[in-house]
Amino acid sequence: MKRTHSCGQLRAAEVGGHVRLCGWVRSYRDHGGVVFIDLRDRDGVTQVVFDPTDSPERHELARSLRSEWVVSVAGKVRPRGPDRINPKLPTGEIEIVADDLVVLNKSDTVPFDPETTEKVAEETRLKYRYIDLRRPEMTRNLRLRAQICQIMHRILDERGFVEVETPNLTKSTPEGARDFLVPSRLQPGCFYALPQSPQLFKQILMVAGLDKYYQIARCFRDEDLRADRQPEFTQLDVEMSFVVEADVMEVANAVLREICAACGKPFPQEVPVLSYAQAIDQYGIDRPDMRFGLLLQDVSQIVKTSSFKVFADVVASGGVVKGLCAPGGGKFTRKDIDGYTAFVAELGAKGLAWTKVEEGGFALGSAKFFTPEVQAQLRQAFGAKAGDILMFVADKPAAANKALAALRSKLGADLGLYKSDDFAWCWVTQFPLVEWNKEENRWDAMHHPFTSPRPEDLDRLESDPGGVGARAYDIVLNGTELGGGSIRIHSPQVQQRVFGLLGISEESARVKFGFLLDALRLGAPPHGGIALGLDRVVMLMVGADSIREVVAFPKTQRGICLMTEAPGQPDPRQLQELYLRVNRPQDKKPVPGENPLSGQ
RNA sequence: GAGGCCGUAGCUCAAUUGGCUAGAGUACCGGACUGUCGAUCCGGUGGUUGCGGGUUCGAACCCCGUCGGCCUCGCCA
């Protein structure tokens, strides 16, 4: 019963051999006499032929085969003959003439055909994920993911990195995202937190002298889901001692370069580096999509005296007027433009001013507000040509950037400014250390509280926190943040000052991060690192538009696994053991995974 | 927490302005057929139109609520 080959392996060279294959029935073609079976496994498809003259019993059994039954077949490899070759199959030059057939398992009618070219509802795919994963595309995604992990292991191992596992049952750190909590039975009333990342452990490993650490680590964050965000996700986590920014970035480049080489994707000799300020200025966002230009321009100075009251007022009150020039946008209809206006309105923009560029001057939209002089300046600022359209948002800088960044992204897609297989990488550096949190009325770490300020800014840490730069860096591909890291603080004094800046009292820091502060006092080397989002890397390598396509068992937007119906209600006895009582709001009824034991 | 799109046979979809017994392809079941490869041909089974309520002589279609999936904002150090 043991297989001799996979269903994707056999070629003309094996003709004459006797083989045994195991797999799933992809399709059956019963001609009354001869019966054909396409047998599929993860490697491919092989045609099997049953001839009624060989064995009537076996032929009858073959006629009963149906889609997705699991069978084992033995037989001789035979050439198909020139007019019978199937060029669509790698194994299309041969077929197996069966001399044995064993049905290992039958199958009910499958909820959907794994071979279908029709797009099956994701809900159905997730409920029957094992059927979905039989699809060659999904098999390829998972195998490419495994291959990418192998490259990560190999490159880092070659460079002397030590793989270390860190705990998943760890301590809650109230900074950052919401934690997943795990109740402790042995310590009633206490909870572990699942790690949002191994951040503190890897820093401790540097203090331990590990020098170069890595781990392909699972991370957990209890926040709302997106196409590129799952509550649990995987990071390639790296940390190094005695390094500066360029050393860490070089390691990340090396890993990504190898991954791209294996995936047939481009990776530049030199990855462009933008400062945070430059990214915000030109792209309106800290993860710029570099596949196309369409740069934003701040035209506040040009239009501040214009008769367009909105522009003048916004600039006068400290806002900005920023815009972009969409090449060929002159062809947009009123309806198109209304669509873009509604698009930016949903993002909070109060309006979208526009005008079309023609040979003689601006036309339509807000054209009448622009004097010939202003028109000339705008034309020059954008490098605008006849047939283009200018679009503007006037608002506070953050709001204008948010709307225009999204608009730029949409226009890039709508105008076909890039090809589907374009890859454009960049590093973004020189992030601010902190940003002002209006709601909480305090400074928040932009990266995390362990990121080192730039040494030249240290003396302004207390006097001008917003002006302090961080030794942080992000790597961005096609507008998706693939990873980020920083040089960390290794001085206990600096760490204490940063905690102070973030409003974390000495006492509170001791409770939450005492072990880190102790470690920093006991011979902590300078160190830094990075984390790469594995799911996102694989997503972009396979050209998927959601990480669910590269995660074997993902959760829905409501955090439910449709296959297992997790999360479920615990058995009351489990709660008792954990000294927990559920206090569920009356109007919130549990839906998934109703535990049949509960309520007993 | 908010906005948007969607939900009809196992699957993918259709159903004119609110109007006939809710159809088609595929899958499945039965039959025919000895070279197909998305086999073909003939016949058949299959429906709580997500769920609940309302309007109407009449609802897949309109209204309200609710559940679920997706996209986005907030959130994600």
Side-chain angles (χ1 to χ4, degrees), chain A residues 26-39 45-53 59 63-64 66-68 78 80-81 83-89 91-92 95 97 107-128 131 173-179 196-197 199 219-231 233 342-349 402-403 406 409-410 431 433-435 437 439 443-451 470 472 481 484 486 498 502 504 533 545-546 548 555-558 560 562 587 589 591-592:
Chain A
R26 183 178 82 148
S27 72
Y28 54 93
R29 297 178 291 279
D30 180 358
H31 288 258
V34 65
V35 172
F36 298 98
I37 298 295
D38 283 350
L39 199 62
V45 173
T46 302
Q47 173 167 289
V48 182
V49 193
F50 295 88
D51 194 308
T53 58
H59 181 254
R63 294 189 72 180
S64 73
R66 290 296 179 268
S67 295
E68 301 304 311
R78 180 166 80 181
R80 288 208 196 178
D83 54 331
R84 293 176 182 169
I85 286 173
N86 184 350
K88 291 184 210 162
L89 292 181
T91 63
E95 63 192 7
V97 191
S107 169
D108 290 347
T109 304
V110 278
F112 59 93
D113 178 7
E115 301 290 335
T116 187
T117 52
E118 287 173 334
K119 211 167 142 51
V120 177
E122 189 162 6
E123 206 172 344
T124 310
R125 292 175 55 201
L126 291 177
K127 180 168 181 187
Y128 301 98
I131 304 292
T173 57
E175 297 292 317
R178 198 174 292 115
D179 284 318
Q196 296 180 25
S197 80
Q199 180 61 34
C219 307
F220 306 86
R221 295 179 191 175
D222 187 8
E223 296 294 344
D224 286 359
L225 283 69
R226 288 282 191 284
D228 59 358
R229 270 162 38 189
Q230 285 274 307
F233 59 98
F343 177 76
V344 295
E346 279 172 27
L347 293 158
K402 178 180 152 192
S409 177
K410 185 168 174 55
F431 285 83
L433 184 71
V434 292
E435 58 188 341
N437 182 330
E439 288 73 38
W443 293 102
D444 276 350
M446 195 149 186
H447 188 54
H448 57 51
F450 318 106
T451 299
E481 183 196 325
S486 61
V498 169
L502 298 173
I504 302 171
D545 47 19
S546 158
R548 294 186 303 276
K555 293 180 177 56
T556 69
Q557 204 160 49
R558 287 169 194 252
I560 291 166
L562 292 179
D587 57 334
K589 292 215 177 82
V591 178

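Just so you know, these numbers come straight off a predicted model, no measurement behind them. Below, read A as the first sequence line, B as the second, and so on, with proteins coming before strands; counting in each chain starts at 1.
Atoms CZ (A:Arg221) and C1' (B:C76) sit 7 Å apart, rounded to a whole Å. In this structure, the CG atom of A:Leu89 is 15 Å from the P atom of B:U36, given to the nearest Å. What separates CZ of A:Phe220 from C1' of B:C76 is a distance of 16 Å, to the nearest Å. As rounded to whole Å, 16 Å separates atom P of B:C6 from atom NZ of A:Lys119. Atom CD1 in A:Ile85 sits about 15 Å away from atom C1' in B:U36, given to the nearest Å. Distance CD (A:Gln47) to P (B:A39): 11 Å, rounded to an integer number of Å. Atom CG in A:Asp108 sits roughly 11 Å away from atom P in B:C29 (whole-Å rounding).
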Sequence-aligned protein contact record of nucleotides 69-75 of chain B, with B where the base is within under 4.0 Å of a protein heavy atom and S where only the sugar-phosphate is: SBBSBBB

Letter per nucleotide, 5' to 3', of nucleotides 22-27 of chain B [B base touched, S only sugar-phosphate touched, - untouched; heavy atoms, 4.0 Å]: -----S

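Within 4.0 Å (heavy atoms only), A:Asp30 reaches at least one base atom of the nucleic acid. Nucleic acid contact class of A:Ala121 (heavy atoms, under 4.0 Å, all strands): sugar-phosphate only. Within 4.0 Å of A:Glu95, counting heavy atoms only, lies at least one base atom of the nucleic acid. Here A:Thr53 lies in heavy-atom contact (under 4.0 Å) with a base. Counting non-hydrogen atoms under 4.0 angstrom, A:Arg66 reaches the backbone sugars and phosphates but no base.
Partners of A:Glu123 under the side chain to side chain contact (heavy atoms under 4.5 Å, CB included) rule, at least two apart in sequence or in another chain, are A:Leu562. Judged as a ring-ring contact (aromatic ring centres under 6.0 Å, His included), and not counting sequence neighbours, A:His59 has no contacts. Every residue meeting the side chain to side chain donor-acceptor pair (under 3.5 Å) condition with A:Thr451, not counting sequence neighbours, appears here in chain and number order: A:His448, A:Ser486. A search for salt bridge (Lys or Arg N to Asp or Glu O under 4.0 Å) contacts involving A:Glu122 returns A:Arg548, not counting sequence neighbours. Here A:Phe431 pairs with A:Tyr276 under the ring-ring contact (aromatic ring centres under 6.0 Å, His included) rule; sequence neighbours left out. Scored by the salt bridge (Lys or Arg N to Asp or Glu O under 4.0 Å) test, A:Lys410 finds A:Asp414 as partners (sequence neighbours excluded). Residues satisfying the salt bridge (Lys or Arg N to Asp or Glu O under 4.0 Å) test with A:Arg78, not counting sequence neighbours, are A:Glu95.
Between the P atoms of B:A32 and B:C70, the separation comes to 47 Å (whole Å). Nucleotides B:G7 and B:C76 have their P atoms positioned 34 Å apart, rounded to a whole Å. With both ends at atom P, the span from B:A14 to B:C33 equals 39 Å, rounded to whole Å. To the nearest whole angstrom, the two C1' atoms, one in B:G53 and one in B:C73, are 32 Å apart. Comparing B:C71 with B:C62, their C1' atoms are spaced 27 Å from each other, to the whole Å. Comparing the same atom, C1', in B:C57 and in B:A24 gives a spacing of 31 Å after rounding to whole Å. The P atoms of B:C6 and B:G10 are separated by 23 Å, rounded to the nearest whole Å. With both ends at atom C1', the span from B:C63 to B:U72 equals 27 Å, rounded to whole Å.
Between A:Ser197 and A:Cys219, the shortest heavy-atom distance links the atoms CA-SG, 3.8 Å. Considering all non-hydrogen atoms of both residues, A:Asp444 and A:Leu502 come closest at C-CD2, 3.7 Å. Nearest approach of A:Leu347 to A:Ala406, heavy atoms of both residues: CD1-CB, 3.2 Å.
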Dot-bracket summary - RNA chain B, pairs being Watson-Crick or G-U whose distances fall under 3.5 Å, with | when paired to another strand: (((((((..((((.....[...)))).(((((.......))))).....(((((..]....))))))))))))....

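Remark: ring of A:Phe36 stacked against base of B:U36; centroid gap under 5.5 Å, plane tilt under 30°.
Looking at which nucleotide of RNA chain B each of A:Pro111 and A:Asn86 is closest to, the 5′-most match is held by A:Pro111.
Between atom CZ of residue A:Arg80 and atom OG1 of residue A:Thr91 there is a gap of 6.5 Å, rounded to the nearest 0.5 Å.
Between the side chain of A:Arg125 and the base of B:C11, no donor-acceptor pair under 3.5 Å is found.
In this model, the phosphate group of B:G68 is not approached by any side-chain N or O of A:Lys127 to a distance below 4.0 Å at OP1 or OP2. Contact between the side-chain N/O atoms of A:Arg29 and the OP1/OP2 oxygens of B:A39 is found at a separation under 4.0 Å.
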Under 3.5 Å, which donor-acceptor pairs do the side chains of residues 220-231 of chain A form with other protein atoms, sequence neighbours left out?
unit_1   : atom_1 : unit_2   : atom_2 : d
A:Arg221 : NE     : A:Gln196 : O      : 3.2
A:Arg221 : NH2    : A:Gln196 : O      : 3.1
A:Glu223 : OE2    : A:Arg178 : N      : 2.9
A:Arg229 : NE     : A:Asp224 : O      : 3.4
A:Arg229 : NH2    : A:Asp224 : O      : 2.5
A:Gln230 : OE1    : A:Lys555 : N      : 2.8
A:Gln230 : NE2    : A:Lys555 : O      : 2.9

Under 3.5 Å, sequence neighbours excluded: what are the donor-acceptor pairs made by side chains of residues 27-39 of chain A?
unit_1  : atom_1 : unit_2  : atom_2 : d
A:Ser27 : OG     : A:Arg29 : NH1    : 2.9
A:Ser27 : OG     : A:Asp38 : OD2    : 3.3
A:Arg29 : NH1    : A:Asp38 : OD2    : 3.1
A:Arg29 : NH2    : A:Asp38 : OD1    : 3.0
A:Arg29 : NH2    : A:Gln47 : OE1    : 2.9
A:Asp30 : OD1    : A:Gly32 : N      : 2.8
A:Asp30 : OD2    : A:Arg63 : NE     : 2.8
A:Asp30 : OD2    : A:Arg63 : NH2    : 3.3
A:Asp38 : OD2    : A:Arg26 : NH2    : 3.3

